[in-house]
Every structure is written in C-alpha cells, then in structure tokens.
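A note on names: the letters A, B, ... follow the listed sequences, proteins ahead of strands, and every chain is numbered from 1. None of these values were measured; they are calculated from a predicted model.
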There are 2 protein chains.
Amino acid sequence: MRSSTKPDALTKAEETRSRILAAALELFRRRGFDETTMREIAAEAGVALGSAYYYFASKEALVMAFYAQASKEMSARIETRLAETKGLENQLRAILDVKFEYFAPNRLFLGALSRHAADPHNPLSPFSAETAHIRELDLQHFAAALRGSRIAIPKSLAPYLPNLIWLYQMGLILFWISDRSPGQIRTRQLRDKSLSLLVTALKLAGFPLLRPLRKKIVDLLTAIEADT
Amino acid sequence: MRSSTKPDALTKAEETRSRILAAALELFRRRGFDETTMREIAAEAGVALGSAYYYFASKEALVMAFYAQASKEMSARIETRLAETKGLENQLRAILDVKFEYFAPNRLFLGALSRHAADPHNPLSPFSAETAHIRELDLQHFAAALRGSRIAIPKSLAPYLPNLIWLYQMGLILFWISDRSPGQIRTRQLRDKSLSLLVTALKLAGFPLLRPLRKKIVDLLTAIEADT
DNA sequence: GTCTATATCGGGATAGAC
DNA sequence: GTCTATCCCGATATAGAC
C-alpha cells in the first residue's frame, strides 16, 4: 500500500518497480523480447535478479504491464482525437494513427509477441481472457465512432460491427508488425485502401439486392458469437 | 544416396531417420510440441541424443519434416476427392475435409505451432518462404476447383481467388486449432456457413451495381500483392 | 517489506571419441 | 553414423542481509 505520508511521490517500491519496467521495455525495444534476459533487465535497472522477480513474476508479467500502460495512454489520446475529427472514415483512421504512432518504437518487440497472437488461450494474445479489459476499451472507441456516423447501418449487422472493426484493426497491426517495406509504406497503402473499402461496404450494406448476402453474413456472425 | 543394391528397402540410415521422426510426431501429438524434449524423442526412438541431432538439426527441422510429409499425403488424397466431387462448394468442402481429417490427431501439436503462424518470417509459419512450396501445392488445388466451377467470376478478381481462398482456409484451421467446443462443432458450423457465404459472394461478385466495391477490392488486392 | 547472492535445474545444442 | 560427455543459458528457488 502507498505510504499515506507522501501521497504524491512514488514510494521507493513503486519507483523500483517502474524502473524495472522501464528497463525491460527499453531492452525489449532495442533487442527484442526473446533476446532480452531477466538478468539483463535487472542489470539495466540496477537491481538484482531476485528483485526483478520480486516485482514481476515472469517476463510475461512485464508484457502485461506494458499492455496495461499502453492501453491507458492510447485510450486518452484516442478520445482527444475522436473529439476533433469528423466522419467515420476519418475517425477510424485517427484511431489507427494513434496506435501506429504509439507502437512504432515497439515494432520489433511486438513482432516477437505476435507469436502468441494466434493462440487465444495464451494470456499475451490480444484475444485472451487476460486481455479482455483492454479489448473492451478498444471496442468502446469503435462503437463511439460508429454511433457518431451518419451512414445508415442495417440493424441486423450493427451489433457485430465494433467487434468486426476491432478484428480488422488487429489484422492491420499484425500486417504492420511484419511489414518490412521502407517506413512500412505497404501498411499505409493497405490502411488507406482497406478503410475506403470498409466504408464503401458499409454504405452498400443496406442495399436490398444484397439481402441474401447480408443474411448469410449475420447468420455466420451469430454462429461465431454463440459463446466464444 | 540410397544404396543401389537394395532399391526397395530402406537403408539403415533411412530407417533410423524415420524412426526418429515417428517418435517425435508421436510425442508431439501426445504431449504437445513445447513439452516434448529432444531427449525424450531420442529415448522413444531408441537412439542417443546426439543421433537425433545427427538426423535433424533442431526440433524445428522435425516440424518441417512433418509438414513435408503431411503436404504430400494430403495432396494425393485431395486429388482423389476432387475427382469424385462436383460443384465448387462441395469441392472446397472436400479439400477442407481432407485437411481436418488429417490434422485431427495433431490438433494439440498444431496448437503449439500456431504460435509461429502470425510471423511470416518464422520458417514454421505457413506464410514463410520455407513453406512456400507447400503453399503452392495447396494453391493448385484451389485453382483447380475454381477452374472447374460454372460460376462466372469477374476477370479482374479471378487471379486473386486461389490466394484468397487459401487464406480463408488458414483462418478456418487456426479457428479449429483453438476451438474447444465438443468435437469442434463450432468449427464445423463456421465452415458450413462461411462456405455458403463465400459461394454466394462469388455469384454476386459480377453484379453491375457492385462495380465500385469490386474495384476497390481489386485495388486493395493489387496493392497487397505488389511484392510481399 | 525490500533486496542481494547463490545454487540448481531443465533442455537445446555441440564436440569429439569410437 | 552413433555414442557419451559437456556446454550454455534462461528460469527459478531460497537463504538471509538490511
């Protein structure tokens, strides 16, 4: 518990903890996740190996701490940007921009983590139960952008859209992580073209002739959602 | 090189090699990939640790050998099934069936490997350069099914379809790998509904009113394909 | 409660004798 | 081509100083 005599300062323990986390992230960024050892992290933070383990039960726990911090910081930025931006496509782009900007220095690091991305049962996966609260925050941003949009979205489809767009965004991020084109130009192209496609598709979604297709899509989404 | 005096029998070396591979796969299936150690594999195969490494440079190499074997065996089965099946949807389902049947005993094992799935630069990823020849075989099956179909597919879209369907199939397999519903019922539902959706979408693809959407899709696909 | 120092283990990979 | 003996190193457990 925080000492009640210094409510504004970090306690010694909190200071040590955040120094260890900072050292870990610095090394993860510089050398990648797998290559960084707990011994190096402890050395970089100026503590003994045992201390590092005292604060973080595993290397994995350091990653979870990173997730929490990133989610919190990005969420604030996203809310600011959404308030200054008009139009669904622009708002979605704004969300993506915040993420890419924030993640840019961590691309190598995230690349190592993406190994776990495909396994929803791995705690580090963006699909896992352990990261559910982070996902939830993201979903709220997407839902807000959709609510503010003037595009008429079919009622049957609407409940699934935040999740679908979240998934789309994860796909883009995964693509970006292993995009080796200079400055990740290809991801930028993909982002622009796919965003434009997405918005066009949403505009067409209510079109009567597409009813059978829409029905099949909703049917599919319902089946997937069943429990998860 | 194989001894020319016994063209039909396995040489001793080949026998040892395949015994090691069989032991490895058996253990991978039973206990999972990470949990299985090279020491156990050697013991199960009745050879020394060093011998296992003589035949397979790493645990990873054992996986690549599994891939090669699986690809070869499934390819033969798929060709048989395609010859007996009519209609695009049925043919696609036939291909998926062969894969799921073949992979069924290896679900746990594949689950551990799926960690690498998201990283195209990892040799074990289905997207990697090292697995390109396996992917190529798959693509040919999908291309054959599409060629044999009576559905009129827009010229602009056609070249991308085998790749797209291959990607769709990978998505299904990834879903299946971590599908914990009894008997993987949910994957079966998803397979049926998504196949039906896919075929419906292909039938509608040439529809004139969808031209702007189609154009955007082709545009997107072209950008992605650019080099990779 | 916070942290250091040290010991031990598990497992991938390799060297070199035979 | 097969073995034994090691190397190396990340991870973990623990005893105990402060």
Side-chain angles (χ1 to χ4, degrees), chain A residues 1-6 9-25 27-28 30-65 109 112-113 115-116 122-124, chain B residues 1-6 9-28 30-66 109 112-113 115-116 122-124:
Chain A
M1 195 184 292
R2 186 179 291 206
S3 158
S4 59
T5 59
K6 353 178 180 170
L10 294 175
T11 63
K12 184 156 169 262
E14 282 166 336
E15 207 281 319
T16 305
R17 187 191 143 91
S18 78
R19 216 173 59 238
I20 293 170
L21 179 57
L25 296 185
L27 286 167
F28 290 162
R30 211 163 62 212
R31 323 206 320 111
F33 180 68
D34 288 333
E35 289 64 33
T36 302
T37 71
M38 287 297 276
R39 284 173 174 79
E40 287 175 312
I41 293 169
E44 176 93 7
V47 299
L49 178 62
S51 298
Y53 276 107
Y54 175 77
Y55 285 102
F56 297 94
S58 62
K59 247 166 99 170
E60 201 171 270
L62 283 159
V63 175
M64 291 302 291
F109 165 33
L113 294 184
R115 295 199 324 196
H116 308 291
N122 185 303
L124 295 186
Chain B
M1 197 185 290
R2 186 178 293 208
S3 159
S4 59
T5 58
K6 351 177 181 169
L10 293 174
T11 63
K12 184 155 170 262
E14 280 165 339
E15 207 280 318
T16 306
R17 187 191 143 90
S18 78
R19 216 173 58 239
I20 293 170
L21 179 57
L25 296 185
E26 161 68 15
L27 287 167
F28 289 161
R30 212 165 60 212
R31 321 205 322 109
F33 181 69
D34 287 333
E35 289 64 33
T36 302
T37 70
M38 287 296 278
R39 282 168 177 79
E40 286 174 313
I41 293 170
E44 176 95 6
V47 300
L49 178 61
S51 298
Y53 276 105
Y54 175 79
Y55 285 101
F56 298 94
S58 63
K59 239 167 112 173
E60 202 171 270
L62 283 160
V63 176
M64 291 302 291
F66 165 70
F109 165 33
L113 294 183
R115 297 200 322 199
H116 308 291
N122 186 303
L124 296 185

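Nearest heavy atoms, Phe33(B) versus Ala112(B): CB-CB, 3.6 Å.
Taking the side chain of Ser51(B) as heavy atoms from C-beta on, and the options dT2(C), dT4(C), dC3(D), the nearest nucleotide is dC3(D). Among the nucleotides dC3(C), dT4(D), dG1(D), the one closest to the side chain of Tyr55(A) is dC3(C).
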Just the table, please: protein N/O against nucleotides 12-14 of chain C N/O, every pair under 3.5 Å.
from, atom 1, to, atom 2, distance (Å)
dG12(C), OP1, Lys59(B), NZ, 3.2
dG12(C), OP2, Met38(B), N, 2.8
dG12(C), N7, Arg39(B), NH1, 2.6
dG12(C), N7, Arg39(B), NH2, 3.4
dG12(C), O6, Arg39(B), NH2, 2.7
dA13(C), OP2, Tyr53(B), OH, 3.2

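Look at OH on Tyr54(A): it is 16 Å from C1' on dA15(D), rounded to the nearest Å. Atom CD1 of Ile20(A) is separated from atom C1' of dC3(C) by 10 Å (rounded to the nearest Å). Across the protein-nucleic acid pair, Phe56(A) atom CZ and dT12(D) atom C1' stand 18 Å apart, rounded to whole Å. One interatomic measurement links the two molecules: CZ of Arg19(B) to C1' of dG1(D), which rounds to 12 Å at whole-angstrom precision.
In this view, Arg39(A) satisfies the side-chain hydrogen bond (donor to acceptor under 3.5 Å, both in side chains) rule with no residue, not counting sequence neighbours. When the ring pair (Phe, Tyr, Trp, His ring centres under 6.0 Å) test is applied to Phe109(B), the partners found at least two apart in sequence or on another chain are Phe28(B), Phe66(B). Here Glu60(B) pairs with nothing under the salt bridge (charged side-chain N to carboxylate O under 4.0 Å, His left out) rule; sequence neighbours left out. For Ala13(B), the side chain to side chain contact (heavy atoms under 4.5 Å, CB included) criterion is met by Thr11(B), Tyr55(B), not counting sequence neighbours.
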Donor-acceptor list for residues 40-51 of chain B side chains, cut-off 3.5 Å, not counting sequence neighbours:
from, atom 1, to, atom 2, distance (Å)
Glu40(B), OE1, Arg31(B), NH2, 3.2
Glu40(B), OE1, Thr37(B), N, 2.9
Glu40(B), OE2, Arg31(B), NE, 3.4
Glu40(B), OE2, Arg31(B), NH2, 3.0

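Distances shown here put every side-chain N or O of Thr16(A) at or beyond 4.0 Å from the OP1 or OP2 atom of dT2(C).
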